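Down below is the structure, laid out as structure tokens.
Computed from a prediction, not measured in an experiment: that's the story for all the values here. In what follows, every chain begins at residue 1, and chains take the letters A, B, ... in the order their sequences are listed.
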Protein chains: 2
Amino acid sequence: MRTKEGNKEQDILEAAIKIFAESGYHNAKIHKIAELAGVATGSVYVYYENKEMILLTIFAKLWDKLFLELKEIAESKDIDAVEKFDMMIDLLFDTFIQDPALAIVFVNEQNYLLQKSPEKFTLYYEKFLDLGEAIVNEGISNGVFNTKIDVKMIRSFIFGGMRLLLHQWANNPDSVSLHHIRQNVKYFCKKGLLN
Amino acid sequence: MRTKEGNKEQDILEAAIKIFAESGYHNAKIHKIAELAGVATGSVYVYYENKEMILLTIFAKLWDKLFLELKEIAESKDIDAVEKFDMMIDLLFDTFIQDPALAIVFVNEQNYLLQKSPEKFTLYYEKFLDLGEAIVNEGISNGVFNTKIDVKMIRSFIFGGMRLLLHQWANNPDSVSLHHIRQNVKYFCKKGLLN
DNA sequence: CCCTTTATTGAATCAATATTCAAAAATAAA
DNA sequence: TTTATTTTTGAATATTGATTCAATAAAGGG
């Protein structure tokens, strides 16, 4: 009997995020991922069925985390909608500030996956956006947010805007502080949403 | 002497937009583009150096058009900043409403090109965003737009938000009217921007 | 210390497709 | 017509890189 040394599954995933971020999914070579992870090329296939499964795993874990944390926020009884909205923005920024490479992969490859195998994760993605929508709707019911706005649309708009800013930041983290971006986004969105 | 029949260069470009939209750039096959354009595989290479040049040409033409038209708007003396802002949003929506496939390619492949050969077209892209920024700055000088906002940031935010909405619409044009999207975007942004 | 089991390896395979190019076809001028 | 020139063709080539798998290594139980 031989036992597994270290956590190659995780090592490979982390290496893949870096390589995908650097070269883009389609130009990323499996042997480069293996090299960075410190394993043999073949080992990658012991842990992941194929290249696409690696990408899928990255996204599944990310959306899972985001969904669970936003759920916590959305369901909290003693926080008002405006505050929840703030926390949602923070959640996204905080998630990516810890891993710029993940932010790049997220922005660049999300559309590809959505096109390639929607059934596999449209679910998570939609569930997350639905929670965001619920928060805004709560604000509307309570009379703090504007009723003139189509919430489904604005949730996508805000999400798209944040995505682009995150991407720019992740590609060049020194050019602007994420804190500054975050402040502006919150200010702009709340001004747009509030009565 | 033999003369060219029709306009294969254009036919190929139009076919490429459709195929890229449908399969994504990386999964698009040259022979499929040729087939749709009604030419032989080899003919594609008579008109375009390689696959990437086709994509580059699509973007160059698009950005060129957008830049020139926004320039017209931005430089006009007898339109105020708020109206110019409106027209800018309209310009983007009008461009893509005529060609949903182009909208999909635009959203999906822009980041790839930006990463692959920034030098080749960062220029156009930046020039367009700069014009948008100038419009907002004009509104600030005239006291109609809010000074608390970082214009460079918000121009990206708005652009990113519109991009995502366009993408959703282009993938499923019947689900929402682009007119409705446009109204909401204008309303939300102006509320966010105005004093 | 051997044996069995499981983990790891990486060179060889193999499929996919972008690109090339020699041949064929079409046109216009002579 | 014939010829010269340019366009078009699509089968053949060449490359690349994902995936496989037989061989090797390590670990634990007996």
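- Across the protein-nucleic acid pair, Met53(A) atom CE and dT19(D) atom P stand 12 Å apart, rounded to whole Å.
- Using modelled atom types and a 3.5 Å distance limit, the side chains of Asp150(B) and Asn184(A) yield no donor-acceptor pair.
- Following rounding to the nearest Å, Lys32(A) (NZ) and dT16(D) (C1') show an atom-to-atom distance of 15 Å.
- Under a 4.0 Å N-O distance rule, the pair Glu14(A)/Lys18(A) does not qualify as a salt bridge.
- If you check dA18(D), dT9(D), dG10(C) against the side chain of Lys8(B), the one that comes closest is dT9(D).
- Looking at the side chain of Val46(B), the nearest of the listed nucleotides dT8(C), dT8(D), dA18(C) is dT8(D).
- A cation-pi arrangement is present between Lys51(A) and Tyr25(A), with the terminal nitrogen or guanidinium carbon under 6.0 Å from the aromatic centre and inside a 45° cone about the axis.
- With dA18(C), dG10(C), dT8(D) as the candidates, the nucleotide lying closest to the side chain of Lys29(B) is dA18(C).
- Side-chain heavy atoms closer than 4.5 Å link hydrophobic residues (I, L, V, M, F, W, Y) into clusters, and following such links, possibly through other members, connects Phe157(B) to Ile181(A).
- Across the interface with DNA chain D, nearest-nucleotide mapping of His31(A) and Ser43(A) shows His31(A) to be the residue nearer the 5′ end.
- The distance from atom CD1 of Ile33(B) to atom C1' of dA18(C) is 11 Å, rounded to the nearest whole Å.
- Regarding contacts with the backbone of dT8(C), a side-chain N or O of Tyr47(A) is found under 4.0 angstrom from either OP1 or OP2.
- Under the 3.5 Å distance criterion, with hydrogens and angles disregarded, no donor-acceptor pair is assigned to the side chains of Lys8(A) and Ser43(A).
- The interatomic distance linking Leu55(A) (CG) with dA18(D) (P) rounds to 13 Å, in whole Å.
- In summary, Glu75(A) and Lys71(A) engage in a salt bridge, as defined by a charged side-chain N under 4.0 Å from a carboxylate O.
- Following rounding to the nearest Å, Glu9(A) (CD) and dA7(C) (P) show an atom-to-atom distance of 12 Å.
- Of all the residues in residues 20-28 of chain B, Ala28(B) reach under 4.0 Å from DNA chain C with at least one non-hydrogen atom.
- Proximity note for Val39(A) (side chain, C-beta onward) versus dT19(C), dT9(C), dA18(D): the nearest is dT9(C).
- We find that NZ of Lys51(B) is positioned 15 Å from C1' of dT15(D), with the value rounded to whole Å.
- Atom CD1 in Ile19(B) sits roughly 12 Å away from atom P in dA18(C) (whole-Å rounding).
- For the residue pair Asn27(B) / His26(A), no side-chain donor-acceptor distance below 3.5 Å is found, with atom types taken as modelled.
- Closest contact between the side chain of Tyr45(B) and the listed nucleotides dG10(C), dA18(D), dT19(C) involves dT19(C).
- For Ile30(A) and dT19(D), the CD1 to P distance is 6 Å, given to the nearest whole Å.
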